> 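Could you have a look at this structure, given as structure tokens, before my questions?
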Amino acid sequence: MKTPYYFYDLDLLERTLKILRSEAKNKHVHYAIKANTDKRICRMISNYGFGADCVSGNEILHALRCGFHPSKIVFAGVGKTNEEIEIGLKHNIACFNIESAEEVQVINRLAKQMNRVANVAIRVNPNISAETHEYITTGTHENKFGISCEHLMGVIHLIEDSKCIKLTGLHFHIGSQILNMDNFKDLAQKLNIILSELYNEGIEIEHINVGGGLGINYDNPIDEPIPDFQSYFEVFNQHLNNSLFKYLHFELGRSIVGQCGELHTKVLFVKQGVVKQFAIVDAGMTDLLRPALYQAQHRIVKKNPSGEKKYRYDIVGPICESSDVFGNDYPLEKLKRGEELVIKSAGAYGEVMVSEYNLRAKPNVYYREARSSLEFAIDQQYIMN
Ligand code: LLP
């Protein structure tokens, strides 16, 4: 197979979805499509009955094409264009997560023109730190996202005065790749305060959307291929006062698809520098941006490990940028030209962030089939015979 290529293990995805569905119970999970828009992956997730969290008009159209029901599609994003809002209105999506007072006025005007009433949730910025990389922290006052608690009542009044908008929920998202459950506990506790204040003002909220953010184990994907959804949901079961709303929604991206994807690449050259030994591979930051952008560290393994002594390599791509590095002083068995390496945990925010910088071709994609579809194929063959 021609490298570099993404390899998706649909069987692992299916096992992940089964566990997620049984752990989520009566909670509503919307898959954050931005994490991976591969059609087979999206179709599989929609088949499991999950909804979609979209951040652009094109994501809404993609979600619809991949079988997500409009009544399970939410539309978030700090900068929605008129055309994108119209797509949401036209398809009667479940909810717009709004992020500014001006957006309320624009959605109200467009909904009126189209003779619709838009359901909205206000994205609240709870000013909570998520102890994650600063580029993927979203819920503090330093971030552009959401409406602060101080401005919340004003926006609620604005919505009350807008005939073509109905307030149904509150939306939160504090960041991504969060592994410390205390951050979610803080969110739940902050939410209780906000909800009881609103209740005292006579404002009832139908649904709460706590966003996504559950992290995955990048250090040890082999031992933890499926995130601990049980402990994650348990935090909200324990700490959220569920007498103050009816429905609880989530927008999970990375935790659903992160571990089912890998980036495969070949060693082009091994070069001994003055202080470093470089393994120059044929995948670059154009194929997987996370290490260059967030200093993310993905596990790298040889496709055919020999079990021999390990050497230290800087695993670097071919792009003309010094940040094009997948691993520094990374321990791997002796490498030589042509050897295939596997960069693990690349299912989320991998292929979707591919760029054509340096006029690079996009990586290919291959799949391992899900067992259920193999069984289905065998059944079909059996029936046909
Ligand atoms: N909801 C909202 C409003 C979001 O902004 C995001 C992610 C999610 C849900 C899904 O979060 P997740 O469950 O995947 O953590 N490119 C970065 C991550 C950016 C996350 C953007 N927002 C990375 O590669 O780490």
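Order of listing sets the numbers, starting from 1, for every ligand and every atom in it. The model shown is predicted, which means the values in this text are computed figures rather than measured ones.
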> Applying a 4.0 Å heavy-atom criterion (strictly less than), which segment of Ser176 is in contact with ligand 1: side chain, backbone, both, or neither?
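Both of them.
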> Between the side chain of Arg123 and the main-chain N/O of His173, is any donor-acceptor distance below 3.5 Å?
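Present.
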> Looking at Lys302 and Glu339, is there a salt bridge between them, counting it only when a charged N and a carboxylate O are closer than 4.0 Å?
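Lys302 and Glu339: salt-bridged.
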> Nearest to atom 22 (N) of ligand 1 by heavy atom, Lys34, Met353, His30: which?
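Considering heavy atoms of Lys34, Met353, His30, the nearest to atom 22 (N) of ligand 1 sits in Lys34.
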> Glu351 pairs by side chain to side chain donor-acceptor pair (under 3.5 Å) with which of Tyr8, Tyr5, Tyr6?
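Testing Glu351 for a side chain to side chain donor-acceptor pair (under 3.5 Å) against Tyr8, Tyr5, Tyr6 leaves exactly one candidate, Tyr8.
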> Is NZ or CZ of Lys80 both nearer than 6.0 Å to the six-membered ring centre of Phe96 and within 45° of the ring axis?
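That pair does not qualify as a cation-pi contact.
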> Going by the atom numbers of ligand 1, which of them fall below 4.0 Å from some non-hydrogen atom of Leu252?
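So the answer, numbered in order with elements, is 13 (O).
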> Which of the listed options, Glu99, Arg123, His171, Glu251, holds the heavy atom that is closest to atom 9 (C) of ligand 1?
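Of the listed residues, Glu251 has the closest heavy atom.
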> Ile319 and Leu293: same hydrophobic cluster, using ILVMFWY side-chain contacts below 4.5 Å?
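Yes; Leu293 is reachable from Ile319 via cluster members.
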> Considering the options His249, His207, Glu251, which one meets the side chain to side chain donor-acceptor pair (under 3.5 Å) requirement together with His171?
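Answer to the side chain to side chain donor-acceptor pair (under 3.5 Å) test with His171 among His249, His207, Glu251: Glu251.
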> Answer with yes or no whether the hydrophobic clustering places Ile315 together with Phe269; edges join I, L, V, M, F, W, Y residues whose side-chain heavy atoms lie under 4.5 Å apart.
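Different clusters: Ile315 never reaches Phe269 through Ile, Leu, Val, Met, Phe, Trp or Tyr contacts under 4.5 Å.
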> Does at least one non-hydrogen atom of Gly213 fall below 4.0 angstrom from an atom of ligand 1?
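Within the 4.0 Å threshold, so yes.
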> Taking heavy atoms and a distance under 4.0 Å, where does Arg254 meet ligand 1: side chain, backbone, both or neither?
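Both backbone and side chain of Arg254 come within 4.0 Å of ligand 1.
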> Please identify which atoms of ligand 1 are closer than 4.0 Å to at least one heavy atom of Gly253.
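By the 4.0 Å cutoff, the relevant atoms are 12 (P), 13 (O), 14 (O).
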> Please state which part of Val55 comes within less than 4.0 Å of ligand 1, counting heavy atoms only: side chain, backbone, both or neither.
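The answer is neither; Val55 stays 4.0 Å or more away.
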> Show me which atoms of ligand 1 lie under 4.0 Å from any heavy atom of Asp53.
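Ligand 1 atoms under the 4.0 Å threshold to Asp53: 1 (N), 9 (C).
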